[in-house]
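Both backbone and side-chain heavy atoms feed into the values below; hydrogens, waters and symmetry mates do not. In this text, all values refer to a predicted model and were calculated from it rather than measured experimentally. Chain letters run A, B, ... following the sequence lines, proteins first, then strands; residues in each count from 1.
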Amino acid sequence: MALHFYNTLSHKLEAFAPLDDDKVRMYSCGPTVYNYVHIGNLRAFTFQDILRRYLHHCGYELYHVMNVTDVDDKIIRDSVKAGKSIGEFTAEFRKAFEEDAATLRLEPPERVTPATEHIGDMIDLISRLAEKGHTYESKGSTYFRIASFPGYGKLSNLDVSGIKAGARVEQDEYEKDELRDFALWKASKPGEPAWDSPFGPGRPGWHIECSAMAMKYLGESFDIHTGGVDLVFPHHENEIAQSEGATGKPFARFWLHAEHLLVDNQKMSKSVGNFYTLRDLLDKGFSAAAIRYLLASVPYRKQLNFTFDGLKAAQTSIERLRNFQRRLEEGGLPEGANPAITELAETARKNFIAGMDDDLNTAQALGAVFEFIRDVNTKMDAGEFQAGNVAEANQVLDLFESIFDVLKTEQSGQVSAEEIEGLIAERLAARKARNFARSDAIRDDLKARAVILEDTPQGTRWKYGA
RNA sequence: GGCGCGGUAGCCAAGUGGUAAGGCAGAGGUCUGCAAAACCUUUAUUCGUGGGUUCGAUUCCCACCCGCGCCUCCA
């Protein structure tokens, strides 16, 4: 099976191929930088990262653009509260986001685009829409008239013709001809940041940001647009209306949406007390690798139920992978190459790729890797794994690592390798003298300093770890 | 109410019209001075419930129950 994705737009699984032969143009809705991102946000960003890496694996060059929303109602509200300009306020959280992304080993997109640096592009796009009769003005704000765009609702499969004023909608502070219409340009209120425009002073609506920036960098039609499921409506629906309304051409061809993360089977919320940022989890002692593994291990279209037990299981799973990797490095293997291993490695890689090709089925891909590890461990115990098999076993791990990226250990450790080797020698002498009290004391002391010793037939080996 | 996603062992989770991957946890064992690592055995007669189609359904169809999301703040 070649690469397939579930396309929200067509509501089915489709074979993927980019418009250009070997280059994929992709847009992702990035963070609104008014706070630290939480693990739910990071689930979506981890999905994008897995997608990026797998597209690379498939041989595609990538041009991936992600926006940063650095002006909106919440930012204005919270920056005032913090007594900072929105520039100062958002710079802080943008930096925090980039740090968090780096901690989780999320590859940076080729271009990250802050909304405030593209106001002119948004104004141009609104003007284009105005020329085509898709807009109207009311009390200084400019709106998109949904009735002017017949395809509206095709992404979300939602019939919005019947939207009526309800508990939430009636509180809308803007006056629109129809409730379902949305703001392209919001009139500024006194004290709010504003830009001059042909429609009067104001600021862009949220939706127009993404249309303007996506088309500026990726062209009027491009390959993939990603985001969380909650963005399907209205945000992505509105992006389509704005973009296709202006150009008359298809906007994004594939729409991929990440399901939400739940915590203890509930939606994360501050009031329930199950709201976590990456920093919260790191402070609790969990490793970034374990968090990344957990977020990546559940296929992106399935709700991910986040629990601390799950996080611990992720950590243990990574240890299993790392132990296998170390075992491959040890040497002392018989000469030759066992063809049975070659076959196992081929099967593992084939199954891994088959899983990823199937709409990024990471659970299936992981299954292929673990099955391989178990089989190879068994062969090693039986002495049937030979020196000539190391490279192909490493190829399986390399394939895994190119997507999951969790094997590298984070801390170099507080104890130097020289000191550890010295203590191992001392412990060996103690063991030879059957002074087990001393040998165990050395092992325990090192363990307390995050160094783990393991005795093998080839001698004592060590690793940094909990 | 409309539109979606899902309900598989203690937990996470894959999957298929032909009789249940994988990970974690648990139990027993091998190895070890003891550990650790690794391996072996074991843990779902069963895939939300009830019908239907079929030689055969967890997998297809229908109905129902439950969970979660969206229906203009939201990854």
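Look at A:Arg461 and you won't find any side-chain N or O under 4.0 angstrom from OP1 or OP2 of B:A37. Between A:Asn361 and the phosphate of B:G15, there is a side-chain N or O to OP1/OP2 separation shorter than 4.0 Å. Within the structure, a side-chain polar atom (N or O) of A:Asn157 is placed less than 4.0 Å from OP1 or OP2 of B:G4. At B:A36, none of the side-chain N or O atoms of A:Lys463 fall inside 4.0 Å of OP1 or OP2 (strictly under the cut-off). Under 4.0 angstrom from either OP1 or OP2 of B:G33 there lies no side-chain N or O belonging to A:Ser439. Side-chain N/O atoms of A:Lys267 include one lying less than 4.0 angstrom from OP1 or OP2 on B:C70.
Each of A:Ala365 and A:Arg431 has a nearest nucleotide on RNA chain B; the 5'-most of these lies closest to A:Ala365. Judged by closest nucleotide on RNA chain B, A:Ser317 is the one of A:Ser317 and A:Ala44 placed further toward the 5' end.
A donor N or O paired with an acceptor N or O is not found under 3.5 Å between the base of B:C71 and the side-chain atoms of A:Asp230. At a cut-off of 3.5 angstrom, counting only N and O atoms as typed in the model, there is no donor on one side facing an acceptor on the other between the side-chain of A:Arg327 and the base of B:A37. The base of B:C40 has none of its N or O atoms less than 3.5 Å from a complementary donor or acceptor on the side chain of A:Arg374.
To the nearest 0.5 angstrom, A:Ser211 atom OG is 7.5 Å from A:His235 atom NE2. The CD1 atom of A:Ile240 sits 12.5 Å away from the NE2 atom of A:His207 when rounded to the nearest 0.5 Å.
Considering only the side chain of A:Arg443, B:C34 comes nearest among B:C34, B:A75, B:C73. Distances were taken from every side-chain heavy atom of A:Asp440 (C-beta onward) to each of B:A38, B:G33, B:A35; the shortest belongs to B:G33. Considering only the side chain of A:Val298, B:A13 comes nearest among B:G22, B:G15, B:A13. Distances were taken from every side-chain heavy atom of A:Thr316 (C-beta onward) to each of B:A25, B:C5, B:C70; the shortest belongs to B:A25. Among the nucleotides B:G33, B:A75, B:A37, the one closest to any side-chain atom of A:Phe436 is B:G33. With B:A38, B:C12, B:A75 as the choices, the nucleotide that has an atom nearest any side-chain atom of A:Asn305 turns out to be B:C12. For A:Ala363, the listed nucleotide lying nearest its side chain is B:A14; candidates were B:A14, B:G4, B:C34. Minimum atom distance to the side chain of A:Ile452 is reached by B:A36, of the listed B:G22, B:A36, B:G33. Considering only the side chain of A:Gln303, B:G67 comes nearest among B:G67, B:A37, B:G6. Across B:G69, B:C71, B:C39, the shortest atom-to-atom separation from the side chain of A:Asp381 is found for B:C39.
Atom CZ in A:Phe306 sits roughly 17 Å away from atom C1' in B:A13 (whole-Å rounding). The distance between atom CG of A:Asn351 and atom P of B:U16, rounded to the nearest whole Å, is 13 Å. For A:Phe370 and B:C24, the CZ to P distance is 6 Å, given to the nearest whole Å. One atom, CG of A:Leu262, and another, P of B:C70, lie 10 Å apart when rounded to the nearest Å. The nearest whole Å value for the distance from the CG atom in A:Asn238 to the P atom in B:C71 is 12 Å. Between the CZ atom of A:Arg43 and the P atom of B:A75 there is a distance of 15 Å, given to the nearest Å. One atom, CG of A:Asp309, and another, P of B:C24, lie 14 Å apart when rounded to the nearest Å. Nucleotide B:C12 holds its P atom 21 Å from the CZ atom of A:Arg320, rounded to whole Å.
The aromatic rings of A:Phe93 and A:Tyr36 sit perpendicular to each other, their planes meeting at more than 60°, with 30° as the lower class boundary. Note: A:Tyr293 and A:Phe370 have perpendicular aromatic rings, judged against thresholds of 30 and 60 degrees for the angle between ring planes.
A:Phe47 has its side chain within reach of A:Leu360: a pair of non-hydrogen atoms, C-beta onward, lies under 4.5 Å apart.
Taking atom C1' on both nucleotides, B:A25 is separated from B:U19 by 28 Å, rounded to a whole Å. Here, B:A20 and B:U32 have their P atoms 37 Å apart, quoted to the whole Å.
Pairing of B:C5, defined by two Watson-Crick or G-U wobble distances under 3.5 Å, is identified with B:G67.
Checked by atom type, the side-chain pair A:Ser402/A:His57 shows no donor-acceptor distance below 3.5 Å.
Nucleic acid contact for A:Leu453: base, since at least one base atom lies under 4.0 Å from a heavy atom of the residue.
Seen from the ring of A:Tyr6, A:Arg301 counts as a face-on cation partner, given the 6.0 Å and 45° thresholds.
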